[in-house]
Amino acid sequence: MKKESLLEVKNIKVEFGTNRKNKIVAVDGVSFKILKGESFGLVGESGSGKSTIGRAIIRIYDLADGVILYKGQRISGKISKSLDIDITKKIQMIFQDPIASLNERAKIGYIVSEGLYNTKYYISDEDRKEKVIKALLDVGLFPEFASRFPHEFSGGQRQRIGIARALIMEPELVIADEPVSALDVSVRAQVLNLLLELQDKLGLTYLFISHDLSVVRYITDRVAVIYKGKILELAKTEELFEKPLHPYTRALLSAIPVPDPRREKNKKIEIYNPSCHDYSIDKAEWVEVGSGHFVLANKKEIKEYRRILFS
Amino acid sequence: MKDDVILSVKDLVIKFNLRGRILTAIREVSLDIFRGESLAIVGESGSGKSVLVKSFIGLLDENGWIDSGKIIYKGTDISQYKSEQDWLKIRGREIAMVFQEPMTSLNPLKTIGSQIKETVILHSRLRSKAAKRKSIELLEDVGISQAEKRFTQYPHEFSGGMRQRVVIAIAIACNPSILICDEPTTALDVTIQAQILDLLKYLKVKYNLTIIFITHDLGVVANIADRVAVMYAGDIVEIGKSEEIFYNSQHPYTWALLSSLPQFAEKGKFLYSIDGMPTNLFNDIEGDAFAPRNKNALKIDYVIRPPYFSISPTHKARTWLLDKRAPKVHPPNSIKELHKNWRGNH
Ligand SMILES: Nc1ncnc2c1ncn2[C@@H]1O[C@H](COP(=O)(O)OP(=O)(O)OP(=O)(O)O)[C@@H](O)[C@H]1O
Ligand SMILES: [Mg+2]
């Protein structure tokens with residue numbers, strides 16, 4: 001049985017800058033589908049465009065080209081007010097820095113309710129309070145915390161508050177942009193466990209954006225590698241880590257430090273040189289080289305990649 | 001071996017006054033650092049890693065002080081230093097420090113070149129021209145190409161990795177003996193991080209540096225460290241050669257730390273995570289600080305602070321589990337593979 005796709009990003013382009021001279025193409029011709037109930041990862045280095053894609057999905061940025069579909073319905077560009085409110089509820093975002101993303105002078109109860117206020121997604125104040133309590137309990141915090149301020153909480157607790165803020169909207173798709181990058185090893189483990197637990201319990205779908213490849217390997221089902229605004233490779237997570245095809249993916253994976261001194265001290269790091277491709281005549285295309293394994297490559301490279309994949 | 005100790009910390013206690021309440025951040029830490037080694041310090045947030053190393057260069061916050069103990073650097077007890085003048089003899093010249101965010105250690109309004117030159121002039125007797133030459137040499141040394149041109153540029157014209165290289169150039173400008181790096185690669189991408197780690201290893205040899213490296217990334221520790229110190233609640237609970245810590249750890253906190261890494265987890269299964277809250281450093285701690293979060297804690301753990309038990313001449317841990325009367329407790333399954341490495345080779 002094929003799982004249905006929840007979100008479909010088709011050939012999108014995002015540009016910054018007003019006039020032609022200082023125009024930056026942050027995202028260029030990016031396409032992928034996220035299936036219902038899966039965790040989809042987006043990895044790449046800083047400035048590669050990962051966060052821009054996340055923000056384009058929640059309509060913070062406009063598209064210069066392409067289209068984004070949610071359950072088959074277009075949600076990019078001009079849409080109706082009611083669809084806009086609906087999407088705002090169903091697609092929620094969690095940010096990297098739990099400290100910066102919380103308003104220091106507002107109480108936790110208000111911070112967690114903010115989305116409700118914005119979309120008027122509650123019947124009465126009683127109803128709102130009940131929703132806050134439920135969201136806090138869902139992320140393992142005490143309901144009493146509602147009347148306290150952000151600075152009274154540790155980094156891990158603040159990230160839980162950030163998650164509660166998203167959950168209160170009863171979202172279907174959660175975009176997590178570097179949700180654990182600011183946390184230390186032990187707190188990171190707790191927050192990752194919480195994300196897994198919530199996915200089980202609430203049937204959430206995740207778009208997980210991160211530069212931390214060991215976390216991505218652990219938490220995602222499929223992953224796309226992005227470099228300078230373009231997706232270069234997309235595959236099931238295990239397959240991508242076991243059989244990376246694109247030289248950039250290989251370089252990126254080879255650089256991950258391994259917590260094992262003998263392996264780490266003897267490892268060989270590959271360096272990516274974009275000029276290793278000759279696309280002057282034989283142009284690069286986005287092709288499926290193996291089942292569900294896509295890569296940006298020309299005919300000559302595809303042949304080579306297929307050989308690696310099926311050997 | 002003994003005379004190879006470049007810095008020796010003895011029974012160090014560091015306290016802070018926070019609005020009238022006293023917090024003990026470092027609790028009787030003793031530590032010998034050997035000339036030419038690279039020592040990594042790991043441990044959860046708030047365990048005292050930064051406070052410990054800042055005390056080596058007199059950079060504790062105003063509300064903090066060394067309550068007792070000694071810090072012997074090349075024969076002098078620098079913990080007695082009171083004045084800024086005293087510390088200026090050490091800071092930068094003898095012990096230099098690199099922080100996580102390179103942007104905050106560089107002045108955005110001054111060119112890269114003038115910032116390096118300033119340091120060179122401050123610490124050497126070189127005149128402007130010679131100082132410039134030396135600065136350009138330093139930039140080349142940290143792997144910045146077209147150093148002459150880069151010399152006149154501003155920090156914002158540099159990428160994150162390049163800025164970190166500049167900060168390192170400034171740190172080594174006065175030929176320090178010890179270089180302390182407090183999470184120098186945390187904000188960087190993995191490929192850039194790998195380059196910075198290689199750079200540090202190159203400089204260590206070229207300039208005969210002793211490196212103290214603080215990080216949360218145990219992969220980075222595996223890359224760079226000769227020895228590893230594991231801190232918990234203001235104390236070093238285990239210390240040993242890198243391989244001893246990764247392949248033959250003995251303290252339940254070290255086990256917990258390694259087990260919480262996603263690299264050792266099975267996909268789809270929950271990650272190992274440490275129960276409970278970090279130890280409250282405002283309270284007096286009785287027994288083993290980690291006991292309340294340790295499933296295998298013994299009765300004695302709540303009463304008497306464990307002494308160090310030696311596992312080898314280079315490896316020791318503060319846990320009652322190593323007492324010969326203690327029951328046998330095995331490390332968690334998730335790090336069994338790591339421990340196999342040990343048995344396989346010894
Ligand atoms: N100026 C200060 N006033 C009061 N307490 C302080 C001060 N500086 C540090 N502390 C406390 O000392 C303890 C150790 O802090 P330290 O910064 O050394 O932790 P760390 O191990 O470096 O953590 P991280 O990994 O988050 O950098 C913490 O409990 C911290 O809150
Ligand atoms: Mg610190």
Side-chain angles (χ1 to χ4, degrees), chain A residues 39 43-48 154-157 180-197 199-200 210-221 227 237-238 241 248 251-272, chain B residues 42-47 159-161 185-195 197-198 215-226 228 241-243 245-247 253 256-275 277-278 293 335 337-338 341 345:
Chain A
S39 297
V43 302
E45 311 208 323
S46 70
S48 59
S154 69
Q157 286 174 323
V180 295
S181 303
L183 306 174
D184 83 23
V185 182
S186 12
V187 181
R188 182 177 72 186
Q190 292 170 4
V191 172
L192 288 174
N193 282 344
L194 174 66
L195 290 173
L196 283 178
E197 189 189 311
Q199 183 167 43
D200 267 3
S210 180
H211 75 281
D212 187 335
L213 292 137
S214 47
V215 169
V216 167
R217 181 174 197 173
Y218 168 71
I219 204 144
T220 65
D221 304 303
Y227 175 76
T237 304
E238 266 323 290
F241 277 82
Y248 175 70
L252 191 66
L253 298 187
S254 76
I256 309 173
V258 201
D260 180 333
R262 260 174 236 153
R263 279 177 54 204
E264 178 64 18
K265 280 175 179 144
N266 294 318
K267 76 170 179 186
K268 247 198 113 42
I269 292 184
E270 293 180 32
I271 311 267
Y272 176 56
Chain B
V42 300
E44 70 182 347
S45 187
S47 56
S159 67
T185 60
T186 307
L188 303 174
D189 291 316
V190 285
T191 48
I192 310 294
Q193 168 173 284
Q195 293 167 12
L197 293 176
D198 281 348
T215 178
H216 284 283
D217 189 330
L218 289 148
V220 171
V221 174
N223 181 294
I224 199 158
D226 302 318
V228 182
K241 289 195 171 146
S242 179
E243 301 203 341
I245 299 299
F246 279 94
Y247 302 146
Y253 175 67
L257 191 66
L258 286 166
S259 306
S260 13
L261 298 180
Q263 288 95 327
F264 300 131
E266 234 178 287
K267 212 166 166 146
K269 298 244 174 83
F270 286 116
L271 275 173
Y272 183 95
S273 77
I274 306 173
D275 295 333
M277 297 285 273
R293 303 173 79 182
I335 58 169
E337 286 302 314
L338 270 180
N341 265 317
N345 277 268

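Reminder, nothing fancy here: chain letters follow the sequence lines and each chain counts from 1.
Chain B is approached within less than 4.5 Å, heavy atom to heavy atom, by V185(A), S186(A), R188(A), A189(A), Q190(A), L192(A) from residues 185-192 of chain A, ordered by number.
Summarising the local packing, NZ of K241(B) is surrounded by 12 or fewer heavy atoms from other residues, nucleotides or ligands at distances under 6.0 Å. By the 6.0 Å contact criterion, NZ on K265(A) is enclosed, its count of non-hydrogen atoms from other residues, nucleotides or ligands being greater than 12.
Annotation: side chain of F270(B) is in contact with side chain of E197(A) (closest heavy-atom distance under 4.5 Å). Taking the side chain as every heavy atom from C-beta outward, K267(B) and T237(A) approach each other to under 4.5 Å. V221(B) has its side chain out of reach of P259(A): every pair of non-hydrogen atoms, C-beta onward, lies at least 4.5 Å apart.
If you tally non-hydrogen atom pairs under 4.5 Å between each of E266(B), H216(B), Q193(B) and chain A, the highest count goes to H216(B). Listed options D212(A), N193(A), I269(A) were ranked by heavy-atom pairs under 4.5 angstrom with chain B; first place goes to N193(A). Ranked by heavy-atom pairs under 4.5 Å with chain A, the list S259(B), S242(B), S159(B), A194(B) is led by S242(B). Contact tally against chain B (heavy-atom pairs below 4.5 Å) for P257(A), P261(A), G47(A): the top residue is P261(A). Ranked by heavy-atom pairs under 4.5 Å with chain A, the list I224(B), L258(B), V190(B), L271(B) is led by L271(B).
Note that CG of D184(A) is 8.5 Å distant from CG of L257(B), once rounded to the nearest 0.5 Å. For the atom pair T191(B) OG1 and E45(A) CD, the distance stands at 3.5 Å (nearest 0.5 Å).
Of the two parts of Q157(A), only the side chain, counted from C-beta on, holds a non-hydrogen atom closer than 4.5 Å to a non-hydrogen atom of chain B. Interface residue L213(A): only side-chain heavy atoms are found under 4.5 Å from chain B. Only the side chain of D217(B) comes within contact range of chain A, with at least one heavy atom under 4.5 Å from a heavy atom of that chain. With a threshold of 4.5 angstrom between heavy atoms, A256(B) does not approach chain A through any atom at all. Contacts of Q195(B) with chain A are absent, with no heavy-atom separation under 4.5 Å from either backbone or side chain. The parts of I274(B) that come within reach of chain A are both its backbone and its side chain, each placing non-hydrogen atoms under 4.5 angstrom from that chain. Looking at F264(B), only its side chain comes within 4.5 Å of chain A, counting heavy atoms on both sides.
Put simply, the side chain of N223(B) never gets that close to the backbone of E264(A): no donor and acceptor are under 3.5 Å apart.
The heavy-atom pair separating L196(A) from K269(B) by the smallest distance is CD1-O, 4.0 Å.
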